[in-house]
**Q** 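I have a structure here, written as structure tokens, and I will follow up with some questions on it.
Lettering of chains follows the sequences in order, A, B, ..., and the numbering in each one begins at 1. Treat the numbers as computed from the prediction; the structure is a model and nothing was measured.
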Amino acid sequence: MPQIEVEVAVDGSVVVKTTGYKGKSCQDATKQLEAALGVVKSDEKTAEYYQTATSSQQQRQ
Amino acid sequence: MSHVVTIKAELKDLAAVKAACQRLGWQFCEGQTTFEWWGRWENDYDRSDAAYQNGIKPEEYGKCDHAIKVPGAKYEIGLVKRGNAYIPVYDNWMSGGLKGLTAENGLGGFVQAYGVEKAKAELRRRGLVAREIKEKDGRIRLVATAR
């Protein structure tokens, strides 16, 4: 099931992480959240992101 | 002494600031335009976190747009508006009771509390309810499941 995780460090820095989204939909899911929080340190792309990206490329070839 | 400092934090959402204060048991004083400090600039503090090294002039010390009272502390935190964000400013001289608030501890957990409350509000706005998990190293994780 798609999940959004926000991690806030003691110094206030924020990391947004998504799991279970397919392809770039994870970026769409977190884009607005990241913009709203404004202090995002980094985000992590999950295995699902790369798996789907790879399969899309294969389909195009 | 006039050890007025600031930390690198841009607090853009006043509702989240209020929620962070409530979370920590601090008192948000909306519209309070002065904050308690030593009272006069003694030119006795010039480290990199000195407020005047970060865009707040000594003649502006003690002035703010909103203030925060920390229980047990004589001095207060001022929130000074710069652009569309508020910057926390305070005098960390030991007798004022705010010396323990540092950049490393996120102003005693205040900046972290702000981040958590802001994130929770943004997740709520998207119809998500977050489960809060506090890690041993102090990080707070919010886990929200999308529909």
Side-chain angles (χ1 to χ4, degrees), chain A, chain B residues 6-13 15-17 19-20 23-24 49 83-88 100-147:
Chain A
M1 187 178 283
Q3 201 174 70
I4 298 175
E5 191 177 311
V6 182
E7 195 176 282
V8 188
V10 176
D11 67 0
S13 58
V14 176
V15 176
V16 178
K17 213 184 284 187
T18 52
T19 52
Y21 286 87
K22 290 185 179 175
K24 288 188 176 177
S25 64
C26 68
Q27 287 180 323
D28 298 335
T30 57
K31 206 165 139 186
Q32 285 182 329
L33 189 59
E34 289 175 349
L37 296 177
V39 285
V40 175
K41 208 173 185 178
S42 64
D43 65 351
E44 293 180 14
K45 293 177 179 65
T46 61
E48 287 90 345
Y49 175 92
Y50 293 107
Q51 278 169 6
T52 313
T54 306
S55 91
S56 301
Q57 282 174 352
Q58 284 169 347
Q59 282 168 8
R60 281 198 298 271
Q61 286 170 351
Chain B
T6 186
I7 71 165
K8 290 193 190 319
E10 289 197 342
L11 312 171
K12 292 182 178 172
D13 185 338
V17 170
R23 185 184 177 95
L24 297 175
D49 62 346
N84 62 349
Y86 292 94
I87 300 169
L101 307 182
T102 65
E104 290 72 29
N105 68 17
L107 215 62
F110 177 74
V111 183
Q112 184 184 42
Y114 170 85
V116 169
E117 293 299 332
K118 174 74 180 158
K120 275 164 71 175
E122 291 300 331
L123 291 167
R124 262 200 310 272
R125 202 165 290 153
R126 289 159 178 77
L128 304 170
V129 178
R131 190 161 48 94
E132 197 173 314
I133 303 161
K134 180 147 191 171
E135 300 293 348
K136 284 179 185 170
D137 63 5
R139 283 175 301 134
I140 295 176
R141 282 168 55 223
L142 298 171
V143 181
T145 306
R147 287 174 187 159

**Q** Between Ala103(B) and chain A, which part of the residue has a heavy atom less than 4.5 Å away: side chain, backbone, both or neither?
**A**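 Contact with chain A involves the backbone of Ala103(B) alone.
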**Q** Looking at Lys120(B), Glu135(B), Lys118(B), which has the largest count of heavy-atom pairs under 4.5 Å with chain A?
**A**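 Among the listed options, the one with the most contacts to chain A is Lys118(B).
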**Q** How long is the straight-line distance from CD1 of Ile140(B) back to NZ of Lys134(B), given to the nearest 0.5 Å?
**A**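 Answer for the NZ-CD1 pair, Lys134(B) versus Ile140(B), is 5.0 Å.
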**Q** Got a donor-acceptor contact below 3.5 angstrom from the Thr18(A) side chain to the Ile4(A) backbone?
**A**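 No: the side chain of Thr18(A) does not pair with the backbone of Ile4(A).
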**Q** Given heavy-atom pairs under 4.5 angstrom as the criterion, report whether the side chain, backbone, both or neither of Asp137(B) touches chain A.
**A**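 Just the backbone, heavy atoms under 4.5 Å.
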**Q** Which residues pass the salt bridge (Lys or Arg N to Asp or Glu O under 4.0 Å) test with Arg124(B), sequence neighbours left out?
**A**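 Expected list: none.
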**Q** Would a distance-only check, ignoring hydrogens and angles, find a side-chain to backbone donor-acceptor pair under 3.5 Å from Gln112(B) to Val8(A)?
**A**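 At least one qualifying donor-acceptor pair exists.
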